[in-house]
There are 4 protein chains.
Amino acid sequence: MPKNVDHEQRREELLAAVWAVIARDGLEKATIRSLAKETGWSSGVLAHYFADKDDILASALRLALERIEERWDEKLAGLTGLAALRELVLDNLPLDDDREQETRFLMNYWSRSIRQGPSEDEHTWRRGPLLVDRLAALVAEGQEAGEVVGGDPNDLAERLLALIDGLSLHALLDPQRVTRERQVALAEQELGRLSVGQSQGERR
Amino acid sequence: MPKNVDHEQRREELLAAVWAVIARDGLEKATIRSLAKETGWSSGVLAHYFADKDDILASALRLALERIEERWDEKLAGLTGLAALRELVLDNLPLDDDREQETRFLMNYWSRSIRQGPSEDEHTWRRGPLLVDRLAALVAEGQEAGEVVGGDPNDLAERLLALIDGLSLHALLDPQRVTRERQVALAEQELGRLSVGQSQGERR
Amino acid sequence: MPKNVDHEQRREELLAAVWAVIARDGLEKATIRSLAKETGWSSGVLAHYFADKDDILASALRLALERIEERWDEKLAGLTGLAALRELVLDNLPLDDDREQETRFLMNYWSRSIRQGPSEDEHTWRRGPLLVDRLAALVAEGQEAGEVVGGDPNDLAERLLALIDGLSLHALLDPQRVTRERQVALAEQELGRLSVGQSQGERR
Amino acid sequence: MPKNVDHEQRREELLAAVWAVIARDGLEKATIRSLAKETGWSSGVLAHYFADKDDILASALRLALERIEERWDEKLAGLTGLAALRELVLDNLPLDDDREQETRFLMNYWSRSIRQGPSEDEHTWRRGPLLVDRLAALVAEGQEAGEVVGGDPNDLAERLLALIDGLSLHALLDPQRVTRERQVALAEQELGRLSVGQSQGERR
DNA sequence: CATGAATGAGTGTTCATTCAT
DNA sequence: TATGAATGAACACTCATTCAT
């Protein structure tokens with residue numbers, strides 16, 4: 001009777017180490033050897049559970065994206081319109097160590113994708129489309145509820161997404177200038193602009 | 001009797017080739033050999049004029065940033081306030097092939113910078129501080145002229161910068177969704193919001 | 001209570017799969033994994049029934065040689081002298097797909113044997129001695145019957161064997177030049193030379 | 001001014017080591033590392049002078065074949081017909097250490113070719129066509145001179161080639177049985193058969 | 001008896017770096 | 001000053017082998 005190993009579970013265990021290495025050291029430091037070392041297993045075990053290095057990296061991303069989506073679902077449960085929008089925006093900024101790691105992790109793939117051109121798995125590789133759609137839906141919801149100012153929901157969402165990722169990028173590049181508090185403040189300003197009632201606030 | 005070679009000039013000549021390779025083939029295709037081949041010199045010459053590969057890449061970035069600043073100076077010459085702001089924002093989006101290459105080039109360094117933590121040359125490695133300061137100055141200028149809505153100029157600039165880089169990122173990641181036209185439209189929307197007179201446009 | 005497994009029978013079953021893989025894909029494609037896959041068993045089972053990979057390959061050869069000898073016995077049953085000689089020569093040429101596979105299979109071992117020097121199992125590894133002795137015996141038989149021309153039977157046999165293996169080699173190396181028809185024709189020519197009555201045919 | 005290395009000469013120097021390793025240890029022991037060790041250089045130097053491992057092996061073969069042809073030209077200079085044929089046959093048997101090494105070397109490629117199917121360089125990979133053509137030409141020449149018995153020169157040559165390679169193979173596989181003296185004797189018998197006057201000798 | 005998880009050495013290849021010329 | 005020969009470590013990947021279950 002063979003050693004009983006749950007393949008899927010083992011894969012996830014390994015991918016957790018992959019995630020850690022990539023977020024900490026970057027995609028180019030993520031060699032088979034360094035990944036194996038991080039997992040605590042030998043390098044051969046990675047060959048066992050994944051087809052090749054590309055499969056490892058793609059699987060790590062896929063798992064990360066799945067978990068992010070699950071987190072969104074949890075956080076947005078019970079919320080609608082502007083409140084949900086606010087939650088989603090703030091959830092996607094690197095406001096704590098975990099999400100900073102997450103951003104760092106994802107940024108590696110963005111950069112890779114830009115460098116190498118989209119790979120065949122590209123559609124699973126990008127949270128962009130997923131997030132922008134959610135944002136647009138919530139904007140539209142908020143508009144219907146009279147909470148959010150007018151305008152094309154897709155455009156508003158796209159600008160929100162740009163703000164989120166631009167801010168995330170700058171937070172990692174220059175944490176001194178773009179502190180976590182600053183990110184929150186800037187995000188709140190933007191959300192304020194979108195809110196029907198408060199939109200005059202900043203304006204004076 | 002040494003040949004009279006202007007080191008600085010030769011370095012710039014070499015860096016131009018480096019730039020070309022990186023923008024064309026990406027950072028990971030930029031091997032010493034490929035760079036040497038592009039310059040037309042032997043690989044040893046790169047060792048001569050630069051400490052190591054990192055020095056080459058950092059120097060290429062430094063040069064690129066200098067040239068970008070020069071371009072800003074040219075483009076903004078004679079413009080002030082909102083008009084200058086508009087010019088600066090649009091100049092920093094990847095709206096033509098050259099600037100797309102430029103964005104790609106810079107993005108390579110951002111991801112490197114994020115990975116490795118700030119290097120000693122860090123201050124020269126980031127256009128962020130430079131650009132955000134210019135943006136803030138122009139916002140303030142516009143506010144004084146009554147063209148731009150109120151609010152902390154630094155915050156407004158920071159949000160503009162986030163929009164610029166977020167949009168740039170998405171334009172490279174998903175050129176289908178974020179076309180050049182769309183970038184312009186979104187940037188104009190944002191500028192419209194900042195303009196005193198037009199700010200109500202989108203609102204209702 | 002161990003399952004009742006006939007070791008020898010199981011080994012032969014496994015070796016049949018080994019043979020199939022080697023003849024089909026060549027010796028270098030014969031990895032433990034590919035062999036295991038072909039057998040339908042796990043890789044561990046091969047480790048169970050054989051000492052190591054070398055043992056697997058040597059055993060496969062031994063089995064193949066045994067089967068070849070059995071085939072000789074069948075084919076030569078009832079034949080003597082020149083007729084038997086003719087049968088034996090033609091039987092050892094790669095004149096159909098099965099025997100081509102067989103030749104390929106054996107050739108893999110020849111080159112191995114040449115490389116590594118004779119192994120301890122060497123005597124079982126070579127059909128040469130076996131075949132040349134049979135050939136010599138049949139030549140002598142034919143000479144006694146007055147069917148075969150004179151000369152040292154061992155020398156005649158050795159030359160016949162060289163022809164057989166040289167032709168086999170060339171048939172695999174250059175099937176265009178040394179077709180199956182050509183092999184038969186050449187073998188018949190050689191046999192004709194050995195025949196007492198027909199030996200003048202080609203001559204003048 | 002660069003270190004002045006004659007590329008072609010260095011390649012030949014390296015290929016001599018390649019030749020030695022292959023003839024001694026076989027094609028599968030010929031790893032980049034073992035080859036480098038034999039040359040006395042580091043492994044990187046092989047990458048310098050050859051595109052990849054295939055290029056190394058193919059170049060080694062090509063060089064060997066060129067040298068063999070040159071040797072033929074030298075040995076056959078001034079000879080014609082049967083005398084030349086005799087020289088060529090005997091030259092292609094592993095009758096001394098050098099030619100034994102040569103045979104061992106070539107046999108590795110034959111075996112590889114059989115295993116893997118012909119590669120794209122295949123036409124340069126086989127001495128068969130070259131040698132068989134020379135043999136056929138000399139047979140025809142001998143026939144015209146009345147030295148050689150009748151029959152299709154191509155068939156006679158093909159049988160001679162089979163004898164040569166079959167004998168070479170057996171000499172390496174079983175040097176005890178097929179000694180160098182025996183090879184000469186067997187070759188002479190075959191040549192005797194081809195000779196017009198002596199062909200009756202062995203017969204009675 | 002049988003499994004397949006795990007190991008780790010070995011493969012071809014790439015590449016930054018050094019340095020004699 | 002400039003060359004490119006040479007080094008050797010690092011890479012992804014393959015595979016025979018071991019062994020807990």
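Chain letters run A, B, ... following the sequence lines, proteins first and then strands; every chain starts at 1. Keep in mind that this is a model prediction, so the values were computed, not measured. Heavy atoms only: backbone and side chains are in, while hydrogens, waters and symmetry mates are out.
Checked against side-chain contact (heavy atoms from CB on, under 4.5 Å), Arg104(A) has the following partners two or more places apart in sequence or in another chain: Glu100(A), Leu172(A), Ile114(B). Shown here are the ring-ring contact (aromatic ring centres under 6.0 Å, His included) partners of Phe105(A), two or more places apart in sequence or in another chain: Trp19(A), Tyr109(A). Under the rule for a side chain to side chain donor-acceptor pair (under 3.5 Å), Asp52(D) has no partner lying at least two apart in sequence or in another chain. Among residues two or more places apart in sequence or in another chain, the side chain to side chain donor-acceptor pair (under 3.5 Å) test is passed with Thr31(A) by Ser34(A). By the salt bridge (charged side-chain N to carboxylate O under 4.0 Å, His left out) test, Arg67(C) is found to be paired with Glu12(C), residues two or more places apart in sequence or in another chain being considered. Looking at residues two or more places apart in sequence or on another chain, you find no salt bridge (charged side-chain N to carboxylate O under 4.0 Å, His left out) involving Glu70(A).
We find that NE2 of His48(A) is positioned 13 Å from P of dT14(F), with the value rounded to whole Å. Computed from coordinates, the Phe50(A) CZ to dA5(E) C1' distance equals 14 Å when rounded to whole Å. Rounding to whole angstrom units, CD of residue Glu13(A) and P of dA5(E) are separated by 13 Å. Here dA6(F) presents its C1' atom at 17 Å from CZ of Arg11(D), a figure rounded to the nearest Å. Asp6(D) has its CG atom 12 Å from the P atom of dA6(F), to the nearest Å. Nucleotide dA2(F) holds its P atom 11 Å from the CG atom of Leu46(B), rounded to whole Å. When the P atom of dC15(E) is taken as reference, atom CG of Leu27(B) falls 13 Å away, rounded to whole Å.
Note on Arg10(C): every side-chain N or O is 4.0 Å or more away from OP1 and OP2 of dC1(E). The shortest distance between the side-chain N/O atoms of His7(C) and the OP1/OP2 oxygens of dC1(E) is below 4.0 Å.
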Within the sub-3.5 Å range, which N or O atoms of nucleotides 9-13 of chain E have a protein N or O partner, and how far apart are they?
| residue | atom | partner | partner atom | Å |
| --- | --- | --- | --- | --- |
| dG12(E) | OP1 | Lys53(D) | NZ | 2.5 |
| dG12(E) | OP2 | Ile32(D) | N | 2.9 |
| dG12(E) | N7 | Arg33(D) | NH1 | 3.1 |
| dG12(E) | O6 | Arg33(D) | NH2 | 3.3 |
| dT13(E) | OP2 | Lys53(D) | N | 2.7 |

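Within the structure, every pair that satisfies the salt bridge (charged side-chain N to carboxylate O under 4.0 Å, His left out) test and touches residues 13-30 of chain C, not counting sequence neighbours, is listed here: Arg10(C)-Glu13(C), Arg24(C)-Glu38(C), Glu28(C)-Arg115(D).
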- [ ] Dot-bracket notation for DNA chain F is requested: 5' to 3', Watson-Crick or G-U wobble pairs only, both distances under 3.5 Å, with ( ), [ ], | and . as defined.
- [x] .||||||||||||||||||||

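The residue among Ala47(D) and Tyr49(A) whose nearest nucleotide of DNA chain E lies closer to the 5′ end is Tyr49(A). Nucleotides of DNA chain F nearest to Trp41(B) and Ser42(D) differ in position, and the one nearer the 5' end is that of Trp41(B).
When atom types are taken as modelled, the side chain of Lys37(D) and the backbone of Ser42(D) share no donor-acceptor pair closer than 3.5 angstrom. A side-chain donor-acceptor contact under 3.5 Å links Arg11(C) to the backbone of Tyr49(C).
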